[in-house]
There are 2 protein chains.
Amino acid sequence: MTTIKDVAKQAGVSVATVSRVLNGNGYVHEDTRSKVEQSIRELNYTPNEVARSLYKRKSKLIGLLLPDIMNPYFPQLARGVEDEMQENDYRLIFGNSDEKKQKEMEYIQTFVQNNVVGVISSTNDPEADMYTGLNIPVVFLDRTSNDRPSVFADGREGGRIAAQEMMLRGSKEITVMQGPADVRPALERFEGAVEVLEERGAAYQVLKTTSFSLTDAEGFAYELFRQYPDTDGVIASNDIVASAVLKEAHRLEKRVPEDVQIIGFDDILLSSLLAPSLSTIHQPAYEMGRAAARLLIELIEGQHIERSSIEFPVEFMERQTTRKVES
Amino acid sequence: MTTIKDVAKQAGVSVATVSRVLNGNGYVHEDTRSKVEQSIRELNYTPNEVARSLYKRKSKLIGLLLPDIMNPYFPQLARGVEDEMQENDYRLIFGNSDEKKQKEMEYIQTFVQNNVVGVISSTNDPEADMYTGLNIPVVFLDRTSNDRPSVFADGREGGRIAAQEMMLRGSKEITVMQGPADVRPALERFEGAVEVLEERGAAYQVLKTTSFSLTDAEGFAYELFRQYPDTDGVIASNDIVASAVLKEAHRLEKRVPEDVQIIGFDDILLSSLLAPSLSTIHQPAYEMGRAAARLLIELIEGQHIERSSIEFPVEFMERQTTRKVES
């Protein structure tokens, strides 16, 4: 059977050069290319299945930057982005920023080094040099930007809904858990909840938290009931934190939702599996990922863009950690 | 301020060419490169922060193929791989196979097209042409291979432990849920459990399931208690399925663990947050991801490899869905 080595030998070039011709990427001089193609024909060389397809087309790369794939909310975004990209023959280079600027910058740099044709980023700072200085399209995902393409959910309205539902269902001493102050979506949902509570003159207190990790969440939940033992309604900064609050309430033998109501944020898989299942604010993460990918593809391919800022509505998922009301 | 356009104009080349010189990638003729570099010096051009670092180095790409990032077990693997790669200045191209051969092949092809220097794959078929035909290093992750580099957990032993613990804690009518037959780790853990039950002459039945998705899991859980209403011990194929079984047991007003014990597999975040929290077989997913990345880097860099097949031990996490025994 003819191998790639035979082709290289006959054409008088290296195997790497033949490979570059087959791949259709990397620089090969036109004369060299002709010689290689002639040898392929003369020797009747059939590249194997992989090589054959390489001969055809090369998919383009885009860079996807998320805070942390271990937080169950982000794999839903990532999967949405990837499915849309895969169907359109783009591939993803992927990185976690941990909401750290240095790590974020390193990833953006290496995306560019690897010739991505576009970037999707969940950043807290869309105005940073590393984005404004890029000469390829960028879409911000799960993060708003004033004037640049972005796909996000209406976090402020989510916070407002959580506070409204909490009051409607009878909580009088509400605790709002404020997520990390430098994470924009966390801040927006917090501000939305506080807006409603202020408007209605409700009694409430704020517990500041600094992360979304489960390990930390258990500490926050402990602190919550230690500082505010009489709270009868908790608006958590996300579902992970809410589930830690639920667990701590169990430990303290508080009945949920009779003694204390809990509302989360995100609607991750976990939420419907908890007992009692978690009432929360649903964000359509998978669809948001798909929309961001579609928008980026449109920008890359220079298509007419209808809207370059896409806001998804959120909705209250009534489950078992909130009390029922007459409809 | 001097811009990249000024440099291009003075050197008489395109902006793309200047960019290629700055990036240090893509083909640029040596004479052209000199002209561009001279113009950069003459105009005292300072590339912005991003461009400056591009000037320095280019990180290499590796391809990571996982079944489905939405299954919470896989983000742990992915994060382990990425952290190790990031620290060693490699970057990931990422794809989900959905355990489908066609999708898997397309990703492997595009990894190669994009010049990855190595591949990490959770495949069910390490002997497939698409792997044996690759001339770059491949490490199989979460999947065993007889003679090729791989990192995996001892699933068979995990199945054995689950059956032993179930019997030790008094279950007499055990149901083993068999995961998708074409997914190797699922088959191994199933076989391990059945081995022990057979060795000890225990009464058991098997419920075949075809996926790990939550939507399907709820159907399997319903079917389980419909077919085997008297089962008093369920060995689930993973934690997602186990949590659906727990939910269905609640719905049927069975007490867990008094009436029925449940043991999962994986030890995802969810497991410790359920109420009662889920007893399960722990796989060190994050560490496995890191180990696979380290092994791949060693292979790429031609270092001496101590072991090219790394098996991680599993362990029983005793929580609240199994009964206590005297120690």
Side-chain angles (χ1 to χ4, degrees), chain A residues 19 23-27 48-51 53-54 57-59 61 64 68-72 74-76 78-79 82-83 86 89 91-96 103 105-115 129-130 133-135 214 240 243-244 246-247 250 269-270 272-277 286, chain B residues 15 19 23-27 48-51 53-54 57-59 61 64 68-72 74-76 78-79 82-83 86 89 91-96 103 105-115 129-130 133-134 214 240 243-244 246-247 250 269-270 272-277 286:
Chain A
S19 169
N23 293 357
N25 69 39
Y27 174 79
N48 68 24
E49 196 158 21
V50 171
S53 82
L54 295 183
R57 56 175 170 72
K58 180 170 186 303
S59 52
L61 293 178
L64 173 64
D68 179 14
I69 200 78
M70 300 252 272
N71 173 339
F74 293 108
Q76 300 179 48
R79 187 67 212 243
E82 194 238 329
D83 283 355
Q86 199 261 346
D89 212 22
R91 296 293 178 267
L92 299 182
I93 308 185
F94 171 74
N96 294 297
K103 246 190 123 180
M105 192 148 65
E106 284 174 22
Y107 269 113
I108 298 298
Q109 288 167 353
T110 56
F111 290 166
V112 174
Q113 286 167 346
N114 286 293
N115 300 319
D129 279 0
M130 68 182 122
L134 281 181
N135 56 0
L214 175 63
I240 300 284
S243 60
L246 177 60
K247 203 179 172 187
H250 278 144
L269 174 70
L270 168 73
S272 60
L273 288 170
L274 292 173
S277 58
Y286 179 81
Chain B
V15 166
S19 169
N23 292 357
N25 69 40
Y27 175 79
N48 67 23
E49 197 156 20
V50 171
S53 81
L54 295 181
R57 58 174 170 73
K58 179 172 187 298
S59 53
L61 293 177
L64 173 65
D68 179 13
I69 200 78
M70 299 250 271
N71 173 338
F74 292 109
Q76 300 179 48
R79 187 68 212 244
E82 193 239 328
D83 284 355
Q86 200 260 345
D89 212 21
R91 296 295 178 266
L92 298 181
I93 309 184
F94 172 74
N96 293 296
K103 246 189 124 181
M105 192 147 65
E106 283 175 21
Y107 269 113
I108 297 298
Q109 288 166 354
T110 55
F111 289 166
V112 174
Q113 286 167 348
N114 287 293
N115 301 319
D129 280 359
M130 68 182 117
L134 282 181
L214 176 64
I240 300 286
S243 60
L246 178 60
K247 201 176 175 190
H250 279 145
L269 175 70
L270 167 71
S272 60
L273 288 170
L274 293 173
S277 57
Y286 179 81

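Only a predicted model underlies this, so the values are computations on that prediction, with no experimental measurement involved. By convention in this document, chain letters (A, B, ...) are assigned in the order of the sequence lines, proteins followed by strands, and residues within each chain are numbered from 1.
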Could you state the interatomic distance from OG1 (B:T110) to CG (A:L92), rounded to the nearest 0.5 Å? 10.0 Å

Where is the tightest heavy-atom contact between A:E82 and B:G95, given as atom of each residue plus distance? OE2-CA, 3.8 Å

Identify the heavy atoms of A:L273 and B:L274 that sit nearest to each other, and give their distance. O-CD2, 3.4 Å

Rounded distance [0.5 Å steps], CD1 in A:I93 versus CZ in B:R91: 9.5 Å

Go through B:K103 and A:Q86 one step at a time and tell me if the side chain to side chain contact (heavy atoms under 4.5 Å, CB included) criterion holds. CA-CA 9 Å; B:K103 246 189 124 181; A:Q86 199 261 346; 3.8 Å; yes

What distance do A:R79 atom CZ and B:F74 atom CZ have between them, rounded to the nearest 0.5 Å? 11.5 Å

Given that the side chain runs from C-beta out, which part of A:N71 has a heavy atom under 4.5 Å from chain B: side chain, backbone, both or neither? neither

What are the two closest heavy atoms between B:L61 and A:N114, and how far apart are they? CG-OD1, 3.5 Å

Would you say B:K247's side chain and A:S272's backbone share a donor-acceptor pair under 3.5 angstrom? yes

Of all heavy-atom pairs linking A:I69 and B:P75, the shortest is O-CB, 3.3 Å

